[in-house]
Structures are given as structure tokens and as C-alpha cells.
Number of protein chains: 2
Amino acid sequence: MADRPAESPVRLAAETWESLFRAQVAVMRRLQSGPAFKSIALNEYDVLFTLSRCPSGWLRLNELNDHILLSQSSLSRMVERLEKRGLVERMPAPDDGRGVLLKLTEAGSELQKQIGRIHVRDIEALMTPSLTAAEQRELLRLTEKLRGAVARH
Amino acid sequence: MADRPAESPVRLAAETWESLFRAQVAVMRRLQSGPAFKSIALNEYDVLFTLSRCPSGWLRLNELNDHILLSQSSLSRMVERLEKRGLVERMPAPDDGRGVLLKLTEAGSELQKQIGRIHVRDIEALMTPSLTAAEQRELLRLTEKLRGAVARH
DNA sequence: CGGATATACATGCATTTGCATCTATCGCCG
DNA sequence: CGGCGATAGATGCAAATGCATGTATATCCG
């Protein structure tokens, strides 16, 4: 793309992060503007999606919060709204009196699947023409590694 | 990381995007919580940063909007706030009566550099232990390619 | 040229967000 | 056991956000 001379670790790290960030912004913009997200915001879908992937069906609010880029209070209120819309169900955690467990309702699961199908196709339409399968696998590997390392304090 | 069987292109694309997205969230969380972003939000810093990288010094509002994950109206107001704080300067575009040009003020440039120094060190502290230099270069290449392909309609 | 359509940015308004703080429960340690 | 700091989540409130729309300018096309 550009001629890039030997760089300091600091500069390389900064450029890598910036590129990752901008790529995320570019893709996100496209996805958000698609028809899939008229009835529900992407953040909200993300909650439904995360819940759908949860083996037990139930997820703690604070665990959910780790996945979502929202403050604790904002997530609390967002879940409140989703509950009002009948998409998720709350229940006090049995083993922790402070905690709240979340689960998709039938309607929430339905909506997640419906949006999910479109969403996944939108993603594929963006990724496949942009990167080869091998490149995607490598990008997947690198971002998993990065996330793992960053998450692990 | 996990055993991953041969996957359909759709599934691969979806997993790659999800991983990219979650990695971005994980890194972003860490960066936002750092001490560098007490005086200014990350989005706001991003504006200052983008302006600082602009060769002519002046940038159109709509071009800026392409880089930032914000609606047009929100950006408009954010710039208004930055102007009130004395960090950026506005000027009507000479060649387009509808447009507005933006530039960092001296104070804005100062602040950008000051935050930037800390920010860049924070980034390095996250990236370098997570990925080798070669991996970072590859991640940089892949995200640039992705962004390029997505941006180009 | 002139009217129609598109683009750039601003603004009113309802919704969403985050910070600070509050309440309740948990876990630890004397 | 009992007190105390830590953690989970809720809430008041000011600020930020996005949608719809408004205004002005630009561009296209007959």
C-alpha cells in the first residue's frame, strides 16, 4: 500500500491499532446502515446474539458487560428496555443475591435469528470480496490472539 | 485456540468479523479507561488526531465524518463543543459555500500531542506483549486491505 | 438560463449514554 | 459471629447522540 520503512515498535503498534480501529469503523458503518438494523440497534442485537450463544441460556449482566462497549449503567438500562420490549427475561441469580441473570425470550430468540440471518449475509458480502479465505483465517487468528492477550489482564 | 473445522465462507466471514469486533472492543475499553482520557473523550481525541495528520491543516467536516463513528449531526455538535473549548477553529470553505473547514488551534495541537504521547504508549503496552512485530505487520496489512476494500464502495 | 435534485451542515427534540451515587449482598478476617 | 471493604446492579441527572428536518449552496439537465 505505502512504502513503510523499518519502524519503531511504538510506531508499529500505533499504526496497527489505528488501522484495526479504522477498519472496524468502516465495516461497522456499513453494517449499521443496512436494512437489518432498522428495528433494533447494533448494540442491542449484540446483546441478543451474545445471549443466543450462551450454552446455559442464562448469562450474568456483568459477564455480558465485558462483551459490550457500554458502561454498566447504560447496559443496565438497555436490558431494562429490551425486557420491556419482551425480548429478554430477567431473573435474580440463585447463587448471588446481588446478581441478575438474563435469557432470551421466545420472541427475542426469534428476532435474533431473523436479524442474524441478514446480518451474517451482510458481513459475508463485505468480507469475502475484501479478503481471501486464507487472509480471513489469519485475521481471525490474530484478532483472537490480541483479544485473548488483552483480556487476560 | 479452538479446533475449527472446515467452514463455509459465510461462517468464516462472520467469525472473522466478530473476532475483529471483539478485539477492538477489548482494546478500546482498556484505552478509554486509561488516564489519558480524563480530560477528553476518545472520539474527541480522534478528531484532534485526524486533524493533526492532515497535511494542509484544514479538513472538511464531511471528510472528517468518514473517519469517525458518529452521525453527521453529532459530529457537527461535537465540533461545536471543541470550538467552544478553543481546541479547533472553523472557517467556511472557500470553494464550497455549504462546507466548513476545520483546523486545530495552537491549544488543540498542544493537547493532541500531549494526549497522543500517552495514548501511543498505552497502545504499545497492549499490542507489543500480545502480538509479535511480524504479526502486527500482518494485522496492519489485513486491516488496511479490508478497510480499503470496504471504503471503495 | 432555470427549475429540480442532491449535498453540506445546523437545529429541534426525544432517546440514550455515562458519571456519580445509592442500595443490597458478598467475602474476608479478626 | 460481626464488622468492613469490595462487588452487582439500579437510579438521578446532566450531557451526548441520532433522527427528522430545515436552510443554504451546488450540480445536473432540459
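Chain identifiers are assigned alphabetically (A, B, ...) following the order of the sequence lines, protein sequences preceding nucleic acid strands; residue numbering begins at 1 within each chain.
Whole-Å rounding puts the B/E80 CD to C/dA10 P distance at 8 Å. Put simply, CE on A/M78 is 15 Å from C1' on C/dG18, counting in whole angstrom units. Atom-to-atom, CG of B/L82 to P of D/dA15 comes out at 16 Å; the value is rounded to the nearest Å. For the pair B/L69 CG and C/dT17 P, the computed distance is 13 Å after rounding to whole Å. In this structure, CD of A/E44 is placed 14 Å from C1' of D/dT17, rounded to the nearest angstrom. The interatomic distance linking B/L70 (CG) with D/dA16 (C1') rounds to 9 Å, in whole Å. What separates CH2 of B/W58 from C1' of C/dA8 is a distance of 17 Å, to the nearest Å. Regarding A/R90, its CZ atom lies at a distance of 9 Å from the C1' atom of D/dG9, rounded to whole Å.
Taking every side-chain heavy atom of B/S73 into account, D/dG18 is the closest of D/dG9, D/dT11, D/dG18. Checking D/dT17, D/dA26, D/dA6 against the side-chain heavy atoms of A/R98 singles out D/dA6 as nearest. When each of D/dT11, D/dT17, C/dC9 is scored by its nearest atom to the side-chain atoms of A/S76, the top-ranked nucleotide is D/dT11. With D/dT11, D/dT17, C/dT25 as the choices, the nucleotide that has an atom nearest any side-chain atom of B/R81 turns out to be D/dT17. When distances are taken from the side chain of B/S71 to each of C/dT7, D/dG18, C/dT25, the shortest belongs to D/dG18.
Side-chain atoms of B/Q72 come within donor-acceptor range of the base of C/dA10, with a qualifying N/O pair under 3.5 Å.
Look at B/S74 and you won't find any side-chain N or O under 4.0 angstrom from OP1 or OP2 of D/dT17. Of the side-chain N and O atoms in B/N62, one or more sit less than 4.0 angstrom from OP1 or OP2 of C/dC9.
Across all their heavy atoms, A/A23 and B/L146 have their closest contact at CB-CD2, 4.4 Å. Considering every non-hydrogen atom in both A/V47 and A/L75, the closest pair reads CG2-CD1, 4.2 Å. Closest approach of A/D122 to A/A36, counting heavy atoms only: OD2-CB, 4.3 Å.
Ring centers of B/H119 and B/F49: at least 6.0 Å apart, outside the cut-off.
Residue-level contact check: A/R77 touches the bases, meaning some heavy atom is under 4.0 Å from a base atom. Using a 4.0 Å heavy-atom cutoff across all strands shown, A/L75 reaches no nucleic acid atom at all.
When the nearest nucleotides of DNA chain C are assigned to A/D96 and A/N43 by heavy-atom distance, the more 5′-ward of the two goes with A/N43.
Rounding to the nearest 0.5 Å places CG of B/L64 at 5.5 Å from CG of B/L59.
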